[in-house]
Protein chains: 2
Amino acid sequence: MAKQIDDADVFTTTVDVLLANGYAGATTKLIAEAAGINEVTLFRKYGSKAQLVTAALLHERAALEGEKPTEYTGDLAADLLGMVRTYAEAAHRQSGLMMLILSEVARYPELQEAMQVPFMLVSRFGQIVAQYQKEGRLQPGEPLLVVGALLGPVIVNTMLRSAETGLPIPPIDLPVHIERFLHGYAIR
Amino acid sequence: MAKQIDDADVFTTTVDVLLANGYAGATTKLIAEAAGINEVTLFRKYGSKAQLVTAALLHERAALEGEKPTEYTGDLAADLLGMVRTYAEAAHRQSGLMMLILSEVARYPELQEAMQVPFMLVSRFGQIVAQYQKEGRLQPGEPLLVVGALLGPVIVNTMLRSAETGLPIPPIDLPVHIERFLHGYAIR
DNA sequence: GATCTTTGCAAGTAATCACTTGCATTTTAC
DNA sequence: GTAAAATGCAAGTGATTACTTGCAAAGATC
């Protein structure tokens with residue numbers, strides 16, 4: 001019956017359903033059920049499925065923006081580990097969002113506005129890397145490529161481990177990964 | 001009208017449509033149009049959409065298996081570059097397939113049989129890495145994690161560049177990437 | 001050439017989906 | 001307490017999809 005519906009709850013639930021089912025599989029019926037509200041309410045409040053999904057993904061971005069930002073501290077190893085940990089802590093959702101965006105959202109023009117949601121962390125890390133490069137402590141080159149070398153293995157590891165691929169791949173050992181990364185990219 | 005239809009052509013086209021549209025978006029109508037055949041023929045020859053898609057993905061795997069395998073040569077840097085090049089040459093299709101499998105095929109139980117298609121290269125590379133580790137030329141540890149460190153940045157780079165992410169990310173410089181990787185993981 | 005097989009065309013079925021409408025109930029605001 | 005707003009329920013619409021059926025034409029085989 002009539003009750004107050006928390007938009008944030010609906011948005012979070014919407015993203016959950018998207019991650020589990022993809023855009024086509026995230027039917028408005030499924031989303032409504034998962035959110036514990038009536039399907040017609042979704043259309044009354046949000047207009048259309050695309051508008052709901054866009055709003056939900058933008059809400060996800062707002063939540064990311066509200067988090068404590070990863071800051072440059074001057075301690076290279078600690079910053080790298082912090083970056084990778086920030087990513088790893090949100091890895092399941094972040095990897096899922098990244099895949100959702102890259103493979104599905106890109107296919108639906110009506111979701112265009114939500115395209116940039118999962119890449120803000122990457123941008124921010126690029127700025128931190130650039131700072132260390134400026135100080136001559138990391139190899140020169142495109143900062144985003146360096147971020148790729150840092151995060152790529154983590155991203156792919158998370159993706160592969162989240163599906164039944166038949167690959168016996170263990171979780172990544174973050175301190176070891178950072179140590180190897182430092183051997184490769186740090187300037188001593 | 002009646003003509004000979006090449007299964008291989010249909011399968012390749014099917015995968016093309018899957019990569020462009022995803023599973024839900026790859027309607028049998030679209031696939032038939034793209035293959036230049038009648039939609040009803042798809043059901044006559046392959047039974048159902050799921051069976052067609054599974055057959056197409058398995059055909060993709062057979063094509064991969066038929067390719068010249070990347071072999072251990074004893075020249076570490078050349079092998080690493082060869083591995084990364086093998087992946088990069090097929091990158092657009094491989095990354096697309098990987099994303100398709102991880103994010104979509106995993107959601108449809110009827111496609112279960114096709115799950116392992118894009119991961120054969122990864123397995124093979126793991127074996128080569130293990131060989132170099134045995135010889136004490138690469139850092140010890142889980143070979144697949146080392147492959148992740150080698151391929152992860154390439155995979156993610158390809159994924160990010162294939163979509164409109166707003167990130168100004170350039171293509172990866174493979175020789176530089178190998179050089180940095182060697183600094184990080186090779187034992188001199 | 002005759003027969004069988006294959007494929008195309010057209011029409012159709014049942015199910016599902018995003019979305020709408022009408023009515024009733026509950027909640028909120030004044 | 002009253003009126004307005006919000007939400008639920010049920011039924012429904014139009015479009016789309018995977019898939020089927022019937023007929024005819026073309027290709028392959030003997």
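All values below were derived from every heavy atom in this structure, side-chain atoms included, with hydrogens, water molecules and symmetry-related copies excluded. Bear in mind the structure is a predicted one, so any value in this text is a computation, not a measurement. Lettering follows sequence order; numbering is per chain, from 1.
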Is Glu104(A) salt-bridged to Arg107(B), cutoff N-O under 4.0 Å?
-> yes
Quickly work out the Lys45(A) NZ to dT20(C) C1' distance and round it to whole Å.
-> 18 Å
Test item: side-chain donor near acceptor, Thr54(A) and Gln51(A), under 3.5 Å | no
May I have the distance from Asp6(B) (atom CG) to dT6(C) (atom P), rounded to whole angstrom?
-> 16 Å
Please determine which of Asn21(A), Val17(A), Ile37(A) meets the side-chain contact (heavy atoms from CB on, under 4.5 Å) test together with Ile31(A).
-> Val17(A)
Taking CD1 from Ile5(A) and C1' from dT7(D), how many angstroms apart are they, rounded to a whole number?
-> 6 Å
Figure out the CD/P separation between Glu33(B) and dG8(C), and round it to whole Å.
-> 13 Å
Distance, rounded to the nearest Å, where Arg44(B) contributes CZ and dT21(D) contributes P | 11 Å
Between Ala34(A) and Thr13(A), which heavy-atom pair has the shortest distance, and what is it?
-> CB-CG2, 3.4 Å
Taking the inter-plane angle between the rings of Phe181(B) and His177(B) on a 0 to 90° scale, is it parallel (under 30°), tilted (30 to 60°) or perpendicular (over 60°)?
-> tilted
Thr41(B) side chain near dT7(C) phosphate (N/O to OP1/OP2, under 4.0 Å) | no
Tell me: OH of Tyr46(A) to C1' of dT7(D), nearest whole Å?
-> 12 Å
When rounded to whole Å, the CG to P distance for the pair Asn38(A) and dA11(D) reads 13 Å
Give the B/S/- string for nucleotides 14-20 of chain D, one per nucleotide from 5' to 3', where a protein heavy atom under 4.0 Å of the base yields B, of only the sugar-phosphate yields S, and otherwise -.
-> ---SSBB
Could you tell me if the ring centre of Phe125(A) sits under 6.0 Å from that of Tyr72(A)?
-> no
